[in-house]
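Quick notes on the structure that follows.
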Amino acid sequence: MSGLTELVDAMRTRGLIAADAPPAPEAADERPWFLALLLGLAGWFAGIFVLVFLGLAFNPQSTGALLAIGFTLSGAAFGMYFADRNAVFLDQLALAFSIAGQIALAWAILKDVDTALPVAATLFALQCAVFVVMPNKVARTIAAFFACIAWAYVVRFALRPGQGEDLFFDSHGDVNLPVFGAWTIPVEWLLTWLPMIVALLWLMRTESRWMASGARVFARPAITGLLLGLALAGIASEPVATLAFGIEAMGMRFSWYALFPLLSIALAMFAAYCAFSLRSYGLLGLSVFAALTHLARFYYLYGTTLLWKSAIMFAVGVVLLAAGVALQKRTAGVAA
Amino acid sequence: MESTLKRGELDALAQAYSLNPAATEAMLDLAGVRPTRAAGLEFISRCLRYGGVLSLAAALVFFVAANWSKFAVFGRFALLEIVLVALVVLALFKPPPRFVGRGALFLAFITTGALLALFGQTYQTGADVYELFLTWALLGLPLAIVGQWGVTSAAWVLVLNTALLLFCGWNPHGGVLWVVFDGNRFTASDAILAAGVLNLLLWFGFEKLSLRAVPDWVRRLILSCAFVFLTWAGVLGVIEDHDFGGEHIVLAIIVPTLAILAVGAYALRQRGDIYPLAVVMSSFVVVVMCWIPQASGSDETTFFMMALWLIGASTVGGRVLTLLMRQWRAERAA
């Protein structure tokens with residue numbers, strides 16, 4: 001089925017809709033992934049420029065002034081999104097105002113906070129609020145994605161208080177392991193990613209239940225945001241990790257924690273499979289890109305030598321090839 | 001025929017006809033937007049095989065980078081050369097488009113680079129210089145052609161562009177080629193323009209040839225690389241960076257402008273893919289955004305103007321491209 005009109009005709013024939021049902025509604029204003037990415041980036045940079053302009057023009061110092069700017073810009077963004085629901089002319093302006101408003105609000109709330117957990121938790125709550133309040137698909141998708149990144153930080157700083165914001169490894173190259181002792185990092189990994197995986201699978205599984213209802217305005221952006229989060233959030237948290245690890249983190253002594261970036265590759269490939277199931281080739285491409293970036297991360301960071309990493313990749317390669325060939329034979333058998 | 005329907009369109013349809021869950025389920029089946037079990041297994045199998053080949057390639061690169069001291073230099077070279085010969089022989093017995101042949105030639109392409117990196121590492125000529133990547137691109141070209149695989153072609157494009165990037169930016173006026181070209185008649189901005197034009201010519205060539213080895217996504221990659229260089233040159237032109245551009249700075253504005261016009265005209269004539277138009281639009285938006293501080297005299301209104309430009313240009317551009325996409329899609333359907 002390649003077009004909406006053919007689909008509607010087929011639905012009439014199957015009795016899914018009445019024979020005299022009106023023709024297919026005009027196609028929704030769907031954008032290809034690269035255009036959505038381009039517009040999102042433009043909106044983001046415009047938001048930052050708006051905020052810099054306001055900062056230079058009014059020089060707001062107090063929390064009250066920052067809150068006023070944040071609420072005004074966010075309110076204006078909400079108003080534009082609400083007024084422009086069936087058009088797209090104000091979308092970019094609203095996105096820029098929304099981004100600038102969020103940064104101003106976060107700045108106002110967090111400017112005197114100097115520990116990482118409250119910062120991550122506030123940003124997570126802010127993104128959740130934007131997701132619920134802003135009546136726009138792009139704004140909700142971006143909020144869902146940033147909420148995933150913030151969630152990764154919340155779990156990290158909650159389970160490794162005081163250490164997550166400093167060092168992942170101690171001065172001897174051993175991993176710092178508070179709260180759950182030696183199980184902290186596996187628990188952290190599960191707590192970070194399992195809720196996202198479960199939420200994504202549930203939303204995809206129940207797709208037919210919410211597609212026709214009002215819930216779709218939340219569910220569809222949540223799916224895209226979760227997919228992006230699973231694929232990319234590990235990388236997004238990387239700048240802080242790199243700064244914290246420093247150069248000394250390269251070539252650490254071997255431990256099984258060296259395998260964790262490979263789990264990030266597995267997450268990205270899971271996201272790729274979900275994108276394939278949704279027939280979203282843009283998200284599929286982004287997931288593959290994320291997997292390759294995780295591979296580069298494995299090369300540069302985490303505790304083992306390149307020789308061990310080479311041996312690990314060789315073993316992984318052989319296992320994947322064998323499994324792939326076996327599955328291909330089985331698939332061919334099923335098809336025959 | 002694979003469905004081209006998007007989830008957003010199906011959401012709108014389900015809402016417009018107030019479908020219940022069972023009817024929505026039936027609509028999704030009719031639309032063919034959910035992969036069958038066999039298609040899902042085929043996708044997983046393909047991911048596993050591609051992942052296996054990429055993992056083996058990574059293992060090879062990591063091994064060379066590890067610089068294992070217990071392995072003599074001769075042994076390291078011999079090992080890589082044996083691997084290279086074995087892969088080529090394997091590809092001869094199971095030639096592309098079979099997966100074994102494609103995978104073997106991709107690994108042979110990576111091994112060529114690893115061999116050159118080992119040379120650079122051993123004889124201290126450097127493992128990250130443009131000469132290495134340029135040699136790799138030239139030596140690996142036959143493998144990329146014979147491989148008939150988008151993945152190998154994309155790897156070749158990335159290697160070539162890494163060489164060009166290193167030549168233009170990382171170490172301008174350094175290395176062997178700059179000894180030949182350096183002087184008043186050839187500046188760094190000329191090199192950037194040349195890199196952009198080379199990519200652009202490759203893109204036009206592959207658009208005309210429609211080779212199986214260079215699928216749509218690789219052509220898009222080449223075009224993106226072209227406009228990374230052309231946008232870079234355009235930015236140097238509008239900010240009048242004479243350190244980079246010398247006396248040829250005006251060329252840095254004219255050539256990207258001509259490239260934007262040429263690609264735009266070609267895409268509008270083809271009426272197929274809006275990606276080229278999106279690329280030229282973003283290049284134009286970035287160049288003008290960088291020109292605004294020059295034009296406005298760098299006061300606080302600069303940021304306001306830049307924000308206004310980004311919002312206005314992206315709104316109009318996004319709207320026009322969306323309308324064009326819908327129009328072209330309707331024309332194809334008719």
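Computation of the quantities below employed the complete heavy-atom set of this structure, encompassing side-chain atoms and omitting hydrogens, waters and symmetry-equivalent molecules. Order of the sequence lines fixes the chain letters, A, B, ..., with proteins taken first and strands second; residue numbering starts at 1 for each chain.
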Engaged part of [X] at the chain B interface, taking heavy atoms whose separation is under 4.5 Å:
{"X": "A:R209", "answer": "both"}
{"X": "A:A96", "answer": "side chain"}
{"X": "A:W33", "answer": "side chain"}
{"X": "A:M269", "answer": "side chain"}
{"X": "A:L278", "answer": "both"}
{"X": "A:V319", "answer": "neither"}
{"X": "A:L307", "answer": "both"}
{"X": "A:L54", "answer": "neither"}

Report which part of [X] has an atom under 4.5 Å of a heavy atom belonging to chain A: side chain, backbone, both, or neither.
{"X": "B:A26", "answer": "both"}
{"X": "B:M305", "answer": "neither"}
{"X": "B:V53", "answer": "both"}
{"X": "B:L28", "answer": "side chain"}

Would you say [X] and [Y] make side-chain contact, with heavy atoms under 4.5 Å?
{"X": "A:V8", "Y": "B:L13", "answer": "yes"}
{"X": "B:L30", "Y": "A:L16", "answer": "yes"}
{"X": "B:M306", "Y": "A:V52", "answer": "no"}
{"X": "B:R220", "Y": "A:F34", "answer": "yes"}
{"X": "B:L54", "Y": "A:L295", "answer": "no"}
{"X": "B:T315", "Y": "A:D91", "answer": "no"}
{"X": "A:F49", "Y": "B:M289", "answer": "yes"}
{"X": "A:L284", "Y": "B:F43", "answer": "yes"}

Any idea which of [options] has the most non-hydrogen atom pairs under 4.5 angstrom with chain B?
{"options": "A:A212, A:A291, A:A272", "result": "A:A212"}
{"options": "A:S208, A:G317, A:A36", "result": "A:S208"}
{"options": "A:L95, A:I17, A:L51, A:T5", "result": "A:I17"}
{"options": "A:G285, A:A18, A:P22", "result": "A:P22"}

Pairwise distance [atom1]([X]) to [atom2]([Y]) - rounded to 0.5 angstrom:
{"X": "A:R220", "Y": "B:D11", "atom1": "CZ", "atom2": "CG", "answer": "4.0 Å"}
{"X": "A:R279", "Y": "B:R7", "atom1": "CZ", "atom2": "CZ", "answer": "8.5 Å"}
{"X": "A:S213", "Y": "B:L19", "atom1": "OG", "atom2": "CG", "answer": "11.5 Å"}
{"X": "A:R216", "Y": "B:L10", "atom1": "CZ", "atom2": "CG", "answer": "12.0 Å"}
{"X": "B:R326", "Y": "A:R31", "atom1": "CZ", "atom2": "CZ", "answer": "11.5 Å"}

- Looking only at heavy atoms, the pair that brings A:V50 and B:A307 closest together is CG2-CB, 3.7 Å
- Task: Begin from the C-alpha positions of B:F99 and A:L321 and carry the test side chain to side chain contact (heavy atoms under 4.5 Å, CB included) through to its verdict.
- Result: CA-CA 11 Å; B:F99 176 74; A:L321 265 180; 4.0 Å; yes
- Task: Evaluate side chain to side chain contact (heavy atoms under 4.5 Å, CB included) for A:T331 paired with B:I44, printing each intermediate quantity in order.
- Result: CA-CA 10 Å; A:T331 313; B:I44 294 172; over 6 Å; no
- Message: I need the residue from B:A313, B:G51, B:A59, B:A14 with the largest number of non-hydrogen atom pairs under 4.5 Å to chain A.
- Response: B:A59
- Step by step, work out the side chain to side chain contact (heavy atoms under 4.5 Å, CB included) result for A:L38 and B:L321. CA-CA 12 Å; A:L38 207 66; B:L321 293 185; 5.6 Å; no
